[in-house]
Structure formats: C-alpha cells, structure tokens
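Values below: all heavy atoms of this structure, side chains included; hydrogens, waters and symmetry mates excluded. As the structure is a prediction and not an experimental result, all values here were calculated from the model. Note on naming: letters A, B, ... go to the chains in the order of the sequence lines (proteins, then strands), and numbering restarts at 1 for each one.
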Amino acid sequence: TYTYRFLIGALVKAGRIDEASECFKEMTASAGFTPDLPTYNILIDCLSGNGKVNEAYDLLTGMADKGVEPDVVSYNSLFDFLGKAGHIDDVHKLYKEMLASGISPNKVTCSILIEALGRAGRVDEASNLLLDMIKTSGVKMDVIVYNSMLNRLGKAGRLGQLRRLFEEMTQAGQQPDVVSYNIMVDALCKGDELQAAYRVFLDMKTSRCVPDVVTYNNLIHSFGKAGKVARANKIFRRMIRDGLSPDQISYNIIVNVMGKAGKSDQALTVLKDMKERRMIPD
RNA sequence: ACUCGUUUUGCC
C-alpha cells in the first residue's frame with residue numbers, strides 16, 4: 001500500500017496523470033490493496049486539477065464503499081477546482097453535502113470558498129463567510145485565509161475595506177506577510193494610486209516584509225502601463241541593485257513595457273541580458 | 001506525520 005502511494009505520488013508530481021490513474025486501478029483491482037486516505041486525496045486533487053472533475057467526484061463518492069471515508073482535504077480539492085472553473089453553484093451543493101456528512105470545514109476550506117465567491121463577484125458574501133467562520137466555527141484562521149480575502153477585496157477595487165482588513169488581521173493575531181503587502185501594492189496600482197503603491201513599497205523596505213520579485217514586478221508593470229517608462233526602468237535596475245534576480249515574469253514585463261514605448265533597441269538589450277542569465281525568452 | 005488553499009506579466 002505504501003509502495004503504491006509513493007509511486008502514485010511520484011507519478012502525479014511528474015505530471016503523468018494517466019499513469020497514476022492506471023496505477024491506482026491496478027492497485028485496487030489486481031493487487032487487491034486498499035488505498036489509504038492520502039492516496040485517495042492525492043489522486044482526487046490531481047484529477048480535479050486536470051479538469052477531470054467527474055472522475056474525481058466519482059472517486060470521492062465511491063471511496064466510502066471501499067471503507068475509506070473522505071475527509072475535508074478530499075472535498076477541498078474539488079471545491080478549489082470547481083471554484084476556479086467558475087462553478088460556484090456546484091461548490092455550494094458539494095459544500096452542503098460535506099456538512100451533511102458531518103465533516104467540518106477547515107482554514108483551507110475558508111480560503112478556497114472566499115476565493116470562489118470573490119471570483120464570482122460575490123465579495124460581500126465572501127466577507128460575511130469569513131466573519132461568520134471566525135465567530136461561529138472555531139476554525140483558527142491563518143495569514144493565507146486573510147490574504148485570500150485581501151486579494152478578493154483588492155480585485156474588486158474595494159480599497160477601503162482592504163485597508164481595514166489589513167489592520168484587523170493584525171489585531172486578530174495574524175501579521176500581514178509579503179504576500180499581503182503585494183496584494184496591497186497590486187490593488188493600489190490597479191486603482192490608479194501609483195504613488196500610494198510606491199509608498200507601501202518604501203514602507204516594506206523598512207519593515208519586516210522586504211519587497212520580493214513580485215513586488216517589483218507589480219510596480220514595473222504598473223508604472224510602465226501608466227507610460228512612466230523611465231520610472232519602470234529605474235525600478236527594474238533597482239531590483240537588481242537590491243540583490244534580487246529578475247524572473248521570467250520580470251523580463252516579460254520589461255520587454256513589453258519597452259516594446260510598447262517603441263524602445264525596441266532597449267528591449268533587445270534586455271533580451272540579450274536575459275540569455276546571459278540562461279533564461280528562455282518567449 | 002503524509003495529501004488540499006493566497007500575490008505580479010503574456011487576448012486584440
């Protein structure tokens with residue numbers, strides 16, 4: 001059983017879904033083993049992640065007959081996929097099913113549901129869900145749950161609520177991390193508050209949450225988009241000076257910025273630099 | 001213990 005689990009896990013990591021699926025079938029059919037809960041969960045997660053929700057769902061509903069009760073992790077994988085695919089009603093239905101079978105949501109469920117509702121444009125419901133869960137469920141929220149909510153508020157352009165939650169999470173004992181700050185920077189940039197975003201960036205430099213590549217990418221993209229190409233370039237160079245290596249996304253951004261500004265010669269220079277860093281231009 | 005969740009670019 002453990003050998004099979006290890007093998008299935010390895011196949012999934014290597015992206016060889018069908019082989020993993022085969023291996024699972026072989027395990028149950030010919031070898032006569034009973035997969036354990038993590039084995040089921042690994043497979044459910046990879047099936048839903050690859051768009052095979054129906055197969056994942058069959059596995060979920062069928063496992064109890066095999067004597068393995070699904071847990072909250074099994075359900076979370078499906079919630080996540082359904083939410084990302086925009087099937088919010090199915091998420092609701094399945095969530096009710098889960099509660100009915102006596103399984104309680106955890107913090108991962110919370111962030112998945114918040115993201116799912118937010119993506120569907122139902123930010124208020126997401127916000128209520130979070131408050132409700134904090135009050136009634138006894139689930140200990142972590143920074144990721146708050147970040148999910150911050151992210152959805154930011155994407156919806158609700159800067160006021162975003163700032164408020166940023167304060168509140170600290171009071172709730174969850175210090176904002178780099179991701180929280182990056183969400184804030186992104187939201188301010190997209191809300192045309194570039195200067196405010198830049199101030200947050202400066203705050204970060206003196207705080208515990210030092211800006212990372214994502215922070216810089218955000219600013220470079222936004223300044224570039226606003227036509228401030230020189231400024232975008234400056235931030236790009238500053239990133240390197242601050243000891244961070246631009247990633248693939250950084251290069252895509254800076255090349256696009258310069259391309260749109262008609263500075264194709266500079267764009268080519270960057271591409272050359274990129275090759276020297278053994279990155280593949282796309 | 002192992003398995004699930006959060007941030008940035010690339011439509012035209």
K.L.:
Quick one: does A/Asn76's side chain get under 4.5 Å of A/Pro105's, heavy atoms only?
P.N.:
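A/Asn76 vs A/Pro105: side chains apart.
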K.L.:
Could you check which of B/U6, B/U3, B/U8 has an atom nearest any side-chain atom of A/Val214?
P.N.:
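Given the options B/U6, B/U3, B/U8, the side chain of A/Val214 is closest to B/U8.
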K.L.:
Answer with base, sugar-phosphate or nothing: what part of the nucleic acid does A/Asp36 contact at a heavy-atom distance below 4.0 Å?
P.N.:
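No contact.
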K.L.:
Under 4.0 Å between any heavy atoms, over every strand shown, what does A/Val145 touch: base, sugar-phosphate, or nothing? Just pick one.
P.N.:
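Counting heavy atoms under 4.0 Å across all strands, the contact made by A/Val145 includes a base.
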K.L.:
Just wondering, do A/Leu188 and A/Leu194 contact through their side chains at under 4.5 Å, heavy atoms?
P.N.:
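Heavy-atom side-chain distance check fails, nothing below 4.5 Å.
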K.L.:
Just how far, in rounded Å, is P of B/U7 from NZ of A/Lys190?
P.N.:
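A/Lys190 atom NZ is separated from B/U7 atom P by 11 Å.
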K.L.:
What integer distance in Å separates A/Ile220:CD1 from B/G10:C1'?
P.N.:
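After rounding, the reported distance stands at 15 Å.
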K.L.:
Take the protein atom CG of A/Leu43 and the nucleotide atom C1' of B/C4, then report the distance between them rounded to whole Å.
P.N.:
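Rounded to the whole Å, the gap is 14 Å.
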K.L.:
At under 4.0 Å between heavy atoms, what does A/Ile249 touch on the DNA or RNA strands: base, sugar-phosphate, or nothing?
P.N.:
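Answer is base: heavy atoms of A/Ile249 come under 4.0 Å of a base.
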K.L.:
Does this structure show an ion pair linking A/Arg237 with A/Asp242, if we count only N-O contacts that are shorter than 4.0 Å?
P.N.:
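No.
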K.L.:
Return yes if a side-chain donor-acceptor contact under 3.5 Å exists between A/Tyr4 and A/Glu26, otherwise no.
P.N.:
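The criterion, which ignores hydrogens and geometry beyond distance, is satisfied for A/Glu26 and A/Tyr4.
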K.L.:
Quick check for you: among B/U7, B/U9, B/U3, whose closest atom lies nearest to any side-chain atom of A/His221?
P.N.:
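Of B/U7, B/U9, B/U3, B/U9 is nearest to the side chain of A/His221.
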K.L.:
Compare side-chain N and O positions of A/Lys84 against OP1 and OP2 of B/U6 and report whether any pair is under 4.0 Å apart.
P.N.:
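True: A/Lys84 side-chain N/O within range (under 4.0 Å) of B/U6 OP1/OP2.
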K.L.:
Report which part of the nucleic acid A/Ile144 touches: base, sugar-phosphate, or nothing (heavy-atom distance under 4.0 Å, all strands).
P.N.:
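Touches a base.
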K.L.:
Working to the nearest 0.5 Å, report the span between CG of A/Leu59 and NZ of A/Lys66.
P.N.:
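Those atoms lie 8.0 Å apart.
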K.L.:
Nearest whole Å is fine: how far is B/C4 P from A/Ile8 CD1?
P.N.:
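In whole Å, B/C4 P lies 15 Å from A/Ile8 CD1.
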K.L.:
Centres of the A/Phe24 and A/Tyr40 rings: under 6.0 Å?
P.N.:
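A/Phe24 vs A/Tyr40: aromatic centres under 6.0 Å.
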K.L.:
Side chains of A/Ser48 and A/Asp80: does their closest heavy-atom pair fall under 4.5 Å?
P.N.:
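Of all side-chain heavy-atom pairs linking A/Asp80 with A/Ser48, none is under 4.5 Å.
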K.L.:
Find the distance A/Leu129:CG to B/U6:P and express it as a whole number of Å.
P.N.:
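So the two atoms are 16 Å apart, to the nearest Å.
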K.L.:
What's the CG-C1' distance between A/Asn106 and B/U3, to the nearest Å?
P.N.:
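From A/Asn106 CG to B/U3 C1': 12 Å.
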K.L.:
Consider only side-chain N and O atoms of A/Asp36 and A/Thr39, and report whether a donor and an acceptor are under 3.5 Å apart.
P.N.:
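Yes, A/Thr39 and A/Asp36 have a side-chain donor paired with an acceptor closer than 3.5 Å.
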K.L.:
Of the candidate nucleotides B/U3, B/C4, B/U8, which contains the atom at the shortest distance from the side chain of A/Asp186?
P.N.:
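Of the candidates, B/U8 comes closest.
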K.L.:
Regarding B/U8, can its base be found pairing with the side chain of A/Asn218 as donor and acceptor, where the two atoms are less than 3.5 Å apart?
P.N.:
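No such pair is found, so the answer is no.
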K.L.:
Of the nucleotides B/U3, B/G5, B/U7, which has the atom closest to the A/Lys107 side chain?
P.N.:
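Closest nucleotide to the A/Lys107 side chain: B/G5.
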K.L.:
For RNA chain B, which residues of residues 146-158 of chain A approach it to below 4.0 angstrom with any heavy atom?
P.N.:
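Heavy-atom cutoff 4.0 Å gives A/Asn147, A/Ser148, A/Asn151, A/Lys155.
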K.L.:
Nearest whole angstrom, please: distance from the C1' of B/A1 to the CZ of A/Arg5.
P.N.:
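A/Arg5 atom CZ is separated from B/A1 atom C1' by 9 Å.
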K.L.:
Select one nucleotide: of B/U7, B/U8, B/G5, the one nearest the side-chain heavy atoms of A/Asp80.
P.N.:
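Given the options B/U7, B/U8, B/G5, the side chain of A/Asp80 is closest to B/G5.
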K.L.:
In whole angstroms, how far is the C1' atom of B/U8 from the CD1 atom of A/Ile235?
P.N.:
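Those two atoms, CD1 and C1', are 13 Å apart.
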